[in-house]
Every structure is written in C-alpha cells, then in structure tokens.
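Shown next, in structure tokens, is the structure this report addresses.
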Amino acid sequence: MATEYSARAAWLRIAVVLLLPLVLLLSVAWRDYVSDNDSPRWSLYALPEGADVFDAQVALALYRVGRVVPQVTHGVGRGFSDEDLWLMAELPRPPYPGALRFLAVEPHVLQWVDLYRVDWAGRPVKVGSTGLAVPVAQRVGTAGKSHFVLTDEPSWTSTVMLRIRVEPGVMAAASVSLESAGQRDEVLWRDGLLLGVLTTAAVLMLIAVLALAATTREREFMSWVMLAVSGIFYLLVLNGMLAQWLPPMTVRAQLWLNTLAAAAMVTTTGLFTRDFFALGEVHPSVQASLTTMAWAPLPAAVLVWLLGLQPGFGVNVIIVLMAISYAPLMLIQLKRGHPNAKRYGLIGQGLIYSIGYYFAAASGWIPLGASSLYIWQWVLLIGYLALLGDLTWRTVRDRQASEREREVLHGLLVEEAEQLEQRVQERTVALRAANAELMEAEAHQRELLSLASYEFRTPASKIRSTLDALQDLNEPVPPDVQERLDNLRTASDRLIFLANKLITHDRWRELSVKPQTKSLWVRAWMLELMRDYEAGPPVTLTLPDADAQITADPVLLRIALQNLIDNALAHGSKGRGAVQVSLKLLSNTVELSVADDGPGVPDAEKGKVFERFVSGRTSGQGHGLGLSIVASVVRLHGGQVGVADAQPHGARFWMVLPRAKDAHR
C-alpha cells in the first residue's frame with residue numbers, strides 16, 4: 001500500500017512539474033497578446049522574409065502596397081537570419097496635444113536600430129539611431145534599453161518605420177512597445193527591480209556560499225561559487241551595465257564579450273545542475289556526456305566563428321541541446337525521489353521551458369512578445385532566490401548542528417578534565433611515593449659509600465704507616481725496590497685522599513669536590529703518572545713528540561686517569577699490550593684515552609656506564625663507582641668523557657680537556 005502511494009505521489013509530482021510551468025508560460029503569452037485596455041490599440045507589420053531591402057523608401061513603398069506581414073503581437077522573430085528587420089506601425093494619436101511618448105525596442109543587445117518617421121509628403125526621414133554598436137555621441141536613448149522619444153509635431157504622420165540591422169549568426173528578433181511617460185517609468189521600475197533583485201540574489205548567494213565553504217571546507221560548494229560569479233557577470237553584460245563602465249568597443253568585441261559571458265553562464269549552470277540533481281546516477285554514460293556538453297559552449301562558439309558565423313550561434317546551439325538533454329533526466333530523478341529534484345524540479349523545468357519559449361518566439365515558431373524575451377530571467381531569479389534560501393537553511397542547520405556538537409564536546413571536555421584531575425592526583429601520589437623510595441635508596445647509597453670509604457682508608461693508612469716505618473730504618477735498599485716503595489707510597493696517598501674526600505662530603509658529586517687547578521704540561525704529567533705502573537706490558541704508553549698546557553687539578557685528574565687504567569687492567573687480558581694509554585693533541589683540546597682488549601661495553605650500556613653504581617661490563621666486576629668519579633672530574637674541568645669500541649675488541653675510554661693556550665714544548 002505504501003509503495004502504491006509513493007508511486008502515485010511520484011507521478012503527481014511529474015505531472016505538476018510538466019504542466020504548471022506550461023500554464024504559467026501560456027498566461028504570460030496571453031498577456032503579450034492582449035493589449036492594455038487603457039491604451040489605444042495599434043498593429044505592427046514586418047517586411048516578409050526574402051525581401052532583403054536596404055533602402056527606407058523601398059521599404060515604405062512595399063508597406064504602402066501591402067507587401068508586409070501583420071504580427072499577432074508587437075514583436076517579430078526570424079531566427080538566425082542575416083536579413084535586416086523592417087518593422088512598420090501606424091501609431092495612434094497621443095491622448096492629448098504635446099503628450100510625451102516613447103517607442104521602445106527590445107532586447108537591449110540589439111546592435112543598431114534606426115527610426116524613420118514619414119512626413120506628409122510621403123518621405124521617410126531618419127530621426128535617430130540607438131544600439132550597442134552606435135557611437136555614444138550619435139546614440140538616441142540608452143543602449144541598455146533602446147528607445148526613441150516621439151515628439152508630437154504636425155510635420156509627421158502617424159507612420160513610423162524601424163530598421164534593425166542583423167549580424168550573421170545573431171538572433172533576428174525584436175519587440176516594440178509604445179509607452180507613455182507613466183508606462184515608461186513603470187517598465188523601468190520593473191526592469192530595474194528584476195535586474196536589481198536578480199543581481200542582489202546572485203551576490204548574496206555568492207557571499208553565503210563563500211561563508212559556508214570557508215566554514216565547512218566542502219568542495220561541492222565550488223560549483224555554487226562559479227554559478228553565482230558567472231551569473232553576476234552574465235547579467236551585467238546582458239543588461240548593458242558592463243558596457244557603461246567599459247571604454248567604447250567595436251561590434252565584434254561586444255559580440256565576443258556577450259559570447260564569453262553566455263558560455264561561462266551555460267557551463268557553470270550545466271555543471272551545477274548535473275551535480276545538484278545527481279543526473280549522473282541515471283546511467284553510467286550520462287556523467288561524461290553531460291560534462292562534455294557543459295564544457296562545449298566556448299569551443300562551439302570558436303568553431304562557428306571559424307565557419308563565418310557569429311560566435312553566439314554556437315552557444316545557442318549548445319543551450320538547445322542541453323535543454324533537450326537535461327529535461328528528461330531531471331524528470332527521471334524526480335520520479336526516483338531525489339530530494340533536490342523534489343524541491344527544485346519545478347524551477348528547473350520552468351527554466352528549461354522558458355528558454356525553449358524564448359527560442360521558439362525568437363525563431364518565429366510562435367508569436368514574440370516582450371515577456372518572451374525576459375521570462376527566463378524571472379525564472380532564473382526565482383531559482384537564485386530558492387538556492388539562496390536553501391543555502392540559508394543549510395547554514396542555519398549546520399550552525400545548529402555545530403552548536404549541538406559544541407555542547408557535546410564541552411561535556412566531554414568537562415568529563416575529561418575531571419578524569420584528568422583525578423589521574424593527576426593519583427600520579428602525584430605515585431610520584432611522591434617514588435620520590436620517597438628514591439631518597440631512601442640514595443640514603444642507602446650514601447651509607448654504602450661512607451662504609452666503603454672507611455673500609456679502604458684503614459688499609460691505606462696501615463700501608464702508609466708501614467712505609468714510614470721502613471723509611472725510618474735508614475737501611476739501604478736497591479734502586480728498583482726503592483722505586484716500587486715510592487709508587488706504593490703514592491698509591492696509598494691517593495687512597496687516603498679519596499677516602500677523606502668521600503667521608504667529608506658524604507657522597508661524590510660534581511660540586512662536592514672543589515678542584516685546586518694550576519697549569520700542567522700534560523705530556524710531562526702523564527710520564528710522571530705512569531711511574532705508578534711497572535714499565536712495559538701489560539700497560540703501554542703512546543705520547544706525541546710535542547707537549548700542551550692545560551689548566552687542571554693534578555690530584556683529581558690523576559685519580560680520574562688512574563681509575564681508567566685500573567678499570568682497563570681489571571677487564572683486559574693479561575697479555576702483552578693489554579692496556580694502551582695514549583695522548584692526542586688537537587687544535588683546542590687534548591684527548592687522553594685508555595683502551596683494553598677485554599669483552600667491551602654493550603651498546604645499550606654505553607650511555608649510562610658513567611652513572612653511579614652502574615657497571616657496563618659483562619664480566620660482573622666493579623661496583624660502578626670508578627667511572628662515575630671519572631665523569632665528575634672531567635665535568636669539573638669543563639671537558640667531555642665517553643666510551644667507544646676498541647679494535648679488534650675491547651673498550652676505549654677517553655677524556656677530552658680544553659687546552660689552556662696554544663703552547664707546545
């Protein structure tokens with residue numbers, strides 16, 4: 001039952017769309033056929049096709065002998081004829097002596113119109129010309145609305161003649177009206193209202209589309225923008241407004257300007273209609289066909305121009321083909337229930353009907369009246385206003401949707417903020433607990449460090465006291481034994497110094513030991529330091545020939561380098577050349593390095609091997625204190641420390657210290 005009702009509703013919509021615009025056009029045509037009862041009736045005549053007259057006297061003679069065609073309305077259409085139109089009329093007497101009357105000729109795109117009045121001697125006298133091609137200084141009336149002022153002079157008869165010069169390929173069609181001053185004001189007001197409202201609607205639609213496109217970032221609105229821009233441009237050209245602002249142009253330039261404006265309007269309208277009514281959904285081949293047809297007006301204009309016709313002829317041909325093609329497709333979409341076809345199908349079909357009505361009247365298939373020339377503009381105005389309303393409705397709808405979405409997002413943000421605050425509080429509690437654990441661990445580390453300091457200070461002190469006792473014996477000892485005793489004394493002094501520093505400051509930190517710096521010749525200093533180790537393997541020393549001066553604390557620096565050497569001896573092999581100590585002089589720095597041939601330091605541990613209580617060795621030896629002391633000493637001297645792989649295997653620890661000045665020895 002519902003399906004049957006839907007089918008009947010679809011057919012009812014199609015019937016309304018097919019019949020209602022036709023009824024409206026018939027009513028407009030009837031208005032053109034029936035003259036105003038308040039105005040005296042008069043008739044219009046035209047020379048028949050094929051007369052091809054170029055002389056006003058000959059045209060008047062043919063009129064006198066009755067070789068003219070009476071027109072049903074005050075207009076004539078000859079289609080694409082290259083013959084000039086000769087129109088004659090016997091005007092009624094003015095309602096009162098001296099009454100001002102106007103003889104208006106439409107459309108306003110006519111290039112050249114000559115007015116002849118017949119005197120009492122039976123001679124046609126040219127009284128003026130108007131049209132777009134007429135120089136402004138010679139023009140009577142305005143090009144936008146060609147008209148002549150008829151003065152009530154006794155020298156003229158009631159006979160008037162109009163010669164409308166026709167360009168090849170341009171529609172040979174014209175409508176003539178006789179207007180009083182009041183009627184003239186009414187027509188100007190009507191035409192101004194049409195043009196003003198139509199242009200305003202197009203401008204407002206352009207503004208609304210641009211605003212909506214900027215808000216939603218949807219590409220579909222580009223067709224709306226192009227439709228509004230081309231519509232404004234075409235209306236300005238078609239109604240002669242653009243010609244008022246531009247410098248004088250030749251007839252050919254004006255024709256090309258009209259053609260370009262019409263081609264742009266047809267192209268954008270075709271593309272917009274194709275997408276707006278989704279006509280491509282009817283059949284897979286329709287989309288490509290309609291796209292090709294929409295882009296065809298300008299190429300068609302160029303083609304017919306090359307064939308010797310006016311370019312506007314090509315645009316008109318495409319307009320007719322588009323009207324024939326789009327009408328059934330829109331009806332199919334209407335039957336399918338497409339929402340835009342349901343809302344705007346009547347306007348779209350009315351525009352197609354009005355364009356067809358214009359071409360039929362201009363071609364002479366039906367009588368031509370003033371309304372047939374402009375009815376399509378009124379339908380276009382209705383379409384623009386409807387689209388503007390649609391845009392307004394879309395804008396309001398999208399704004400309401402945005403407001404609802406904003407409210408939802410605000411609620412989500414409030415909820416998220418509350419959850420975030422709760423998570424922050426939980427995280428704060430966790431951080432405080434972690435900080436307490438860290439402080440406790442650090443306290444344990446300090447305690448361990450203090451215990452270790454006491455532990456190795458005691459044996460070091462005993463060694464020192466034993467050495468002092470041996471020295472007090474004043475017994476001669478061999479030189480090599482004496483050298484070893486001196487080295488042992490130096491080592492015990494270093495242990496006692498380090499233990500005292502650790503105990504005094506409770507833990508080793510960068511700022512806990514204040515360096516006592518002085519100038520050192522680094523090469524000589526290293527030779528003196530290496531006396532603590534037996535000459536030859538497993539420790540080998542490589543020094544440059546030159547020397548360089550640095551500013552350093554010799555005791556702290558000695559501790560750092562000996563820590564690296566002791567570390568290398570502990571992890572390297574016991575073979576020949578197991579530990580290599582070297583000095584390299586660079587431009588602004590010196591590099592002290594110690595390399596071993598042990599298992600090396602894994603890549604994952606190289607970044608944190610200098611941290612306290614971290615040992616990067618895989619052997620499990622060491623407690624991670626020696627390298628942290630090295631790093632602290634180097635940082636106190638403004639240098640850098642690092643570790644790299646030694647070749648073919650092992651680890652290479654290096655210290656880079658700034659040079660005091662460019663001094664060599």
Side-chain angles (χ1 to χ4, degrees), residues 17-29 32 75 77-80 106-109 169-175 194-195 198 201-202 227 230-231 233-235 237-239 258-259 261-274 276-277 279 290 293-298 300-301 310-331 334 341 344-387:
V17 167
L18 286 174
L19 297 178
L20 185 57
L22 185 60
V23 172
L24 294 176
L25 287 177
L26 290 176
S27 64
V28 171
D32 287 336
R78 294 285 174 81
F80 292 98
E106 300 177 285
H108 46 265
V109 293
V170 178
M171 278 286 191
S175 174
L194 169 63
L195 180 61
L198 191 56
L227 179 68
S230 63
F233 179 61
Y234 183 62
L235 292 173
V237 173
L238 184 64
N239 291 279
N258 294 340
T259 300
M265 179 69 175
V266 174
T267 297
T268 54
T269 303
L271 295 175
F272 177 82
T273 306
R274 179 202 65 185
F276 191 69
F277 294 103
L279 301 181
L290 295 183
M293 191 180 303
W295 289 105
L298 188 57
Q310 292 298 334
F313 177 73
V315 179
N316 290 330
V317 171
I318 299 300
I319 291 176
V320 174
L321 293 177
M322 289 181 65
I324 296 173
S325 303
Y326 277 64
L329 294 174
M330 290 175 58
L331 292 177
L334 181 64
Y344 301 103
L346 184 64
I347 299 174
Q349 204 70 19
L351 183 60
I352 293 175
Y353 278 5
S354 62
I355 293 175
Y357 178 46
Y358 164 75
F359 278 105
S363 300
W365 299 335
I366 60 175
L368 183 142
S371 299
S372 59
L373 296 175
Y374 300 105
I375 184 61
W376 65 269
Q377 291 195 44
W378 286 100
V379 179
L380 184 65
L381 169 62
I382 296 173
Y384 273 6
L385 291 176
L387 291 175

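Just so you know, residue 1 is the first one in the sequence shown, and it goes up from there. Values in this document were obtained by computation on a predicted structure and should not be read as measured data.
Rounded to the nearest 0.5 angstrom, Leu368 CG and Tyr358 OH are separated by 8.5 Å. Note that CD1 of Ile352 is 7.5 Å distant from OG1 of Thr273, once rounded to the nearest 0.5 Å. Within the model, atoms CG of Asn316 and OG1 of Thr259 stand 8.5 Å from one another, a figure rounded to the nearest 0.5 Å.
Applying the side chain to side chain contact (heavy atoms under 4.5 Å, CB included) rule to Ala294 yields the partners Leu271; only residues at least two apart in sequence or on another chain are considered. For Ala263, the side chain to side chain contact (heavy atoms under 4.5 Å, CB included) test picks out Pro297, Leu298, Val315, with sequence neighbours left out.
The only option from Thr267, Val266, Thr268 that meets the side chain to side chain contact (heavy atoms under 4.5 Å, CB included) definition with Ser230 turns out to be Thr268.
Of all non-hydrogen atoms in Ala300 and Gly314, the two that sit nearest each other are CB-O, 3.8 Å. Minimum heavy-atom separation, Ala361 to Pro367: CB-O, 4.0 Å.
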Run the side-chain donor-acceptor check on residues 321-329: report pairs under 3.5 Å with partners two or more places apart or on a different chain.
unit_1: Ser325; atom_1: OG; unit_2: Leu321; atom_2: O; d: 2.9
unit_1: Tyr326; atom_1: OH; unit_2: Gly270; atom_2: O; d: 3.0

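Without hydrogens or angle criteria, Ser363 side chain to Ala360 main chain gives no donor-acceptor distance under 3.5 Å.
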